[in-house]
There are 2 protein chains.
Amino acid sequence: MATLSDIGVSALINILSAFAFLLAFALLRIQPINDRVYFPKWYINGARTSPRSSRNFVGKFVNLNFKTYFTFLNWMPQAMRMSESEIINHAGLDSAVFLRIYILGLKIFVPIAVIALLLLIPVNVSNGTLSFLKKELVTSEIDKLSISNVRPKSIRFFIHIGLEYLFTFWTCFMLYKEYDYVASMRLNFLASQQRRAEQFTVVVRNVPHISGRSTSDSIDHFFQTNHPDHYLCHQAVYNANKFAKLARKRDRLQNWLDYNQLKFERHPDKRPTSKTGFLGLWGARVDSIEYYKKQIKELDRRMTMERQKIIKDTKSILPVAFVSFKSRWGAAVCAQTQQSKNPTLWLTNWAPEPRDIYWRNLAIPFVSLSIRKLVISLLVFALVFFYMIPIAFVQSLANLEGLERVAPFLRPVIELKFIKSFLQGFLPGLALKIFLYILPTVLMIMSKIEGHIALSTLERKAAAKYYFFMLVNVFLGSIVTGTAFEQLDAFLHQSPTQIPRTIGVSIPMKATFFITYIMIDGWAGIAGEILRLKPLVIFHLKNMFLVKTERDREKAMDPGSVDFPETLPSLQLYFLLGLVYAVVTPILLPFILIFFALAYLVYRHQIINVYNQQYESAAAFWPQVHSRIIASLLISQLLLMGLLSTKKAANSTPLLVILPILTLSFHKYCKNRFEPAFRKYPLEEAKAKDSADQSSESDLKAYLADAYLHPIFQSFEEEQEEMVEVRVDKHQTHIASPPSEPSSTSPSNYVHHPPSPPQYVHRPPSPPQYVYHSSPPHYEYDQSSPAHYVYAAPPSPPRYIYHHHEEH
Amino acid sequence: MATLSDIGVSALINILSAFAFLLAFALLRIQPINDRVYFPKWYINGARTSPRSSRNFVGKFVNLNFKTYFTFLNWMPQAMRMSESEIINHAGLDSAVFLRIYILGLKIFVPIAVIALLLLIPVNVSNGTLSFLKKELVTSEIDKLSISNVRPKSIRFFIHIGLEYLFTFWTCFMLYKEYDYVASMRLNFLASQQRRAEQFTVVVRNVPHISGRSTSDSIDHFFQTNHPDHYLCHQAVYNANKFAKLARKRDRLQNWLDYNQLKFERHPDKRPTSKTGFLGLWGARVDSIEYYKKQIKELDRRMTMERQKIIKDTKSILPVAFVSFKSRWGAAVCAQTQQSKNPTLWLTNWAPEPRDIYWRNLAIPFVSLSIRKLVISLLVFALVFFYMIPIAFVQSLANLEGLERVAPFLRPVIELKFIKSFLQGFLPGLALKIFLYILPTVLMIMSKIEGHIALSTLERKAAAKYYFFMLVNVFLGSIVTGTAFEQLDAFLHQSPTQIPRTIGVSIPMKATFFITYIMIDGWAGIAGEILRLKPLVIFHLKNMFLVKTERDREKAMDPGSVDFPETLPSLQLYFLLGLVYAVVTPILLPFILIFFALAYLVYRHQIINVYNQQYESAAAFWPQVHSRIIASLLISQLLLMGLLSTKKAANSTPLLVILPILTLSFHKYCKNRFEPAFRKYPLEEAKAKDSADQSSESDLKAYLADAYLHPIFQSFEEEQEEMVEVRVDKHQTHIASPPSEPSSTSPSNYVHHPPSPPQYVHRPPSPPQYVYHSSPPHYEYDQSSPAHYVYAAPPSPPRYIYHHHEEH
């Protein structure tokens, strides 16, 4: 049990480290050399092209304006200066709504904290039971401020119960207002958006194979029949996963080539060489530049063949398509209705925006999805409850004795007492640390295996899994001793009424632990976030070894994005802690308030200056946030019930039973009232937007033609357009030899696809894996063999655009 | 514990009583006088107008053809003669699919019974543990055939586990096939249906009130805007609940008047008199005929005023409407999509067919629905778990001592030993019997309070509640001693793993009880069903006192319908018993098989000859049946797990844990695969039917005009049409003075509504509450005051039919 002074020391340490991070950040961010690390968003926006102060040579790297050093905390007011609508324009709705979660936290917990501290602390302190029991229990000063200090059977518990009611109502009220506001924000955002491909497009999965008909034909036929007045065209999806793999490999090789060429430029006397074997450790020594050039050439040949194969082989057309409609109304209707008699065929859903699509999962056959879901949910369950088993196994291997046996020469060092104790304290934890570090990645991979086709969905699903893990292993795991599996086993052998009691009893005792947790994870951790140590180091490393042009430097920036799969669950954990301890140990609340305020400032700054969201889901994560907070409320009510029943305030149970029922009803109401705004697109809205934007059909057709082309093909096209000297007239090739047979109904339905829509020309380089390095200096090797590119410019995959007959 | 011979005696008694019922039925049904009780369906169909044999006077009442007495069981082959498609045509899909449940029971349990009896009985018998334990436990011969007889830790349990797997797979396989077949039956049925109002109509609830606009106007405006190409017209719904109440009262008075007039006709010397007070027990004595005539006249006046009020007052137009579309496609789209930004407004759903609508609930404000649902679910929970409390209270009052105190003169009778013991055995049970008798009605009322707007939904919801009650109080209540509340309390204080163990242990011991239950409820009960004792008595009573004409006689028939709220749950209970005992005590299975076979024959006969369904839901209850059987599977697996864990076959648990997971996955798959066929209407289907049936729009408009008129107004109109002498030109009145202001957009949009569609002209008299007695002999009293009817013929409520401008 920690005493108040222990907590004071811990607070001091964490406050100091938080300040150290903030100070380091303040110093580093005003150095011009770090400008691209701390303000990448402005570079991407085009508002900034080079560091602010570039007067002399030294000034390019170090800030010599000493006045700025004295205002080192001025990023905070700067971060506050932007209004919400400006943030929406600047960084998108996702980011703006993400910030609102912190504000919601403050809105909920500031009044709760004030009331709880003013009312409960006097009530708890003055009823000192613990002083009588001191001989038996080791208690801390914190406990004297908590509900533990109240005598069993005391009438004072009704104050706690009353406050639990009050806090529940207050939280629900704030949640309702917030849900309402976010839903209207979302609708306004969607309504104010320009014409976008996803408004007209529906993704169709599980297109049945009809013998004697190509997939494209049957899609055309089906939608012409069933949506005759609205169907516009569709874009087939190709299974380009193998091609994407090759492209990634080529990218890697290109990187090595660049690196070696740069090395050669800097030291023209020594041609770089490397070994061909595994990781360059053995094998024949070859000239690196020649070697990589040859390898890339070979890969280009294979990629061209693969591309030909994809385009020619009808089997590489997946039973998935992006179907576009003439109006938003038509798309809204198609997305929300059942198309076919067999409800597992012709599944329609809103298409995610093109940036948001996770292309690889489109190739997953639909039948396997439910099996994948089942397997993954079993795996997640196992991961959450049994993750300690493999870690314990690794720990048992990686101990000091094992180390000594492997490396006997280390013995004298290890045997030093100081180092030995350090290692003994450090090694067993290492496996756990590594596991926790890779956990979000593992959960993301699991979500990808589940087969969701949008990045936003993937992130939400990974966040849900991570929350489950944190709830069981951080929250419950800290309260109840033993591993999660032992808890599970114990719970299975307890009566359902016993479980909240077991947990409830331990709750007040763990308050000090969670206070420390909040300070480490919430205060220092968030302050560390703003420092961006990892991107800083990587940027400077890249700058040193790889960057040649301004454009390369731009690519070396890693703006990152709000890491929803990690931040949302930990944020939700703070809500849970706050709600659980509001009545039990209210002294914990101020710590949470500081977290919310600090994190709000930090993330506001980062969103304005750093992060660059990959996609825009229009706050699709909000229903999840809402229901997590509701779940936290329910948990807090259950645990309070358990806690009070051990306090022999048994007649309070009926009073408290009503609360979860009311909370659940509130949740259900909110779900009915607001969730459809996040899942469906009302026809009223679609119609209003349709009539406001009366663009011609051919216009729309041209606009939609390339929107949902696999990004690989898009990058290929862009590249070809840039390389003027090797371009052949694509369109002629296109019409002269259509690589797959034309649709039988309308032979003239091949239409030239214009260059991809503007959003792709200006698209940020953040997912650079498919974008070739195409600035002129790179292409010497290509220019030496232009024949290769002539060969590599076959028609891009055909898109079937159907001209409605009546309109011709 | 019952011995085998006990069960034999019980079986004999039940078989004898079943045979007695069947014999009585066979004798009664061939009497011409009972023809309308046992073959009402044919009268309704119009295939029969009078009893078959009417050669002489006696022959009209008693069957004198003695040959027919010797073939008294020939109803069984007769019942089998109709094919399934004939049954669908004859009685509707609901009835045909209802019969398939019994066949499904046979299909599932015949192979299971054969395998279980052949394999398990030898395995169980030969491993006699019970003979060793005989001193401790009182066991029966039945137990020797059950799993109780197998030694703990025996390897033989793997046979039971294997069979549980086999039975689960077999059940799932049959369920899958059946779901598939029923879904396709439903789709075929819907596809083969003639043009029906509900195919084009959507019910819209929660129409918002826009100030300055009538509800009808805003509905017109909204759907013209958002479904411009498809919207046809709408029918407003009037709050006619008060009118309906008056109509019911008038009906009752009319009945009394008829009765008294008939009495007077038979005894012209004595004018019937009655007292005006409560129940005719006191008050002034008056001439009955005059009295009722006056009363009816007064009521007619009030009804006319009420009708005027409904039509004139815009407040009586509810925020609910039946919106019709030009095509099935348009209706399908509207029913499946979200209309408005606010998802609680403009809620669209498929309209139930007109016969199926429960009009009274349309007036429930939508906001209160979720509260109603919450309150009712709490009430159902309380009813299921605490129903014994009020009954025990009533029982404590209604004992012999209480009876003696109230009626001391009965003492000598009560004190007789035989009567006393009979009463003591009988009285305490009486309250319970009464409760169980009225339970389905109570549950139906609860469902009505929940606010569902279709009779079919109401019946399904009542069935769900009844199943829950049976599961807890019949199944669990018989296995575990004590009231449901005590069980709940005990379960809450047990660990979740303990509960299946507690129940599992008692399962084999209760086999004899359930065998007796099956024989009483399943054999004798079903045989009693075919006898139709209650309708028989009521019909003859009515025949004696009320019937004057053939038409009255037709009305006195009470064909009834399949009582889904009671039969479905008890049917599902048999599935549960069969699946639970298949592995545990397989000797129970033949009893269930006999039930399924007998019930199939009986219901087939009843459906062909007796029942007349009020509505057609196209087998909408099937998903419920399916998921109940899945739930039974899960329960059987859990209980087997609990049972085996007490048998120390603990290593079997992991083997058995897989089974529920597989079953649940199967359920989820089936839900995805088939349930949409019962909830949604695929666009493909709608489009195909639209193009097959190319009727003109004005045709459709005329067809739909009156389809969803409140039946009260309809009966009023019909009546007016029959009474030619008092008819005024309705249409002139209609156009001359439209009672509510015309829609501002198109002043010519009032259209004459033709007489209601054919289905209403031929509609069966089963729900006769709103149909006035309108055959000529009845209306002497009306004809004496024709002025009343002239007054009562104001325009029927206006219907807004929108002419799409482009088509004019």
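Numbered from 1 within each chain, the chains take letters A, B, ... in sequence-line order. Because only heavy atoms are used, hydrogens play no part in the values below, and waters and symmetry mates are left out as well, while side chains stay in.
- By the 4.5 Å heavy-atom criterion applied to side chains, A:Asp229 and B:Trp329 are not counted as neighbours.
- The nearest pair of heavy atoms linking A:Leu683 to B:Thr337 is CD1-OG1, 3.2 Å.
- To the nearest 0.5 Å, the span separating NE2 on A:His227 from NZ on B:Lys687 amounts to 8.5 Å.
- There is no contact between B:Leu345 and chain A, counting heavy-atom distances below 4.5 Å.
- Looking at every heavy atom in both residues, A:Gln336 comes nearest to B:Gln338 through OE1-N, 2.8 Å.
- Between the B:Glu684 side chain and the A:Lys341 main chain, a donor and an acceptor come within less than 3.5 Å of each other.
- Interface remark: A:Ser665 contributes side-chain atoms only to the contact with chain B (heavy atom separation under 4.5 Å).
- The two residues A:Ser340 and B:Pro682 come nearest to each other via the heavy atoms O-CB, 3.3 Å.
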Evaluation steps, side chain to side chain contact (heavy atoms under 4.5 Å, CB included), between A:Leu374 and B:Ile661: CA-CA 9 Å; A:Leu374 177 69; B:Ile661 296 173; 4.1 Å; yes
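- The candidate with the highest count of non-hydrogen atom pairs below 4.5 Å against chain A, out of B:Glu685, B:Arg673, B:Lys668, B:Lys373, is B:Arg673.
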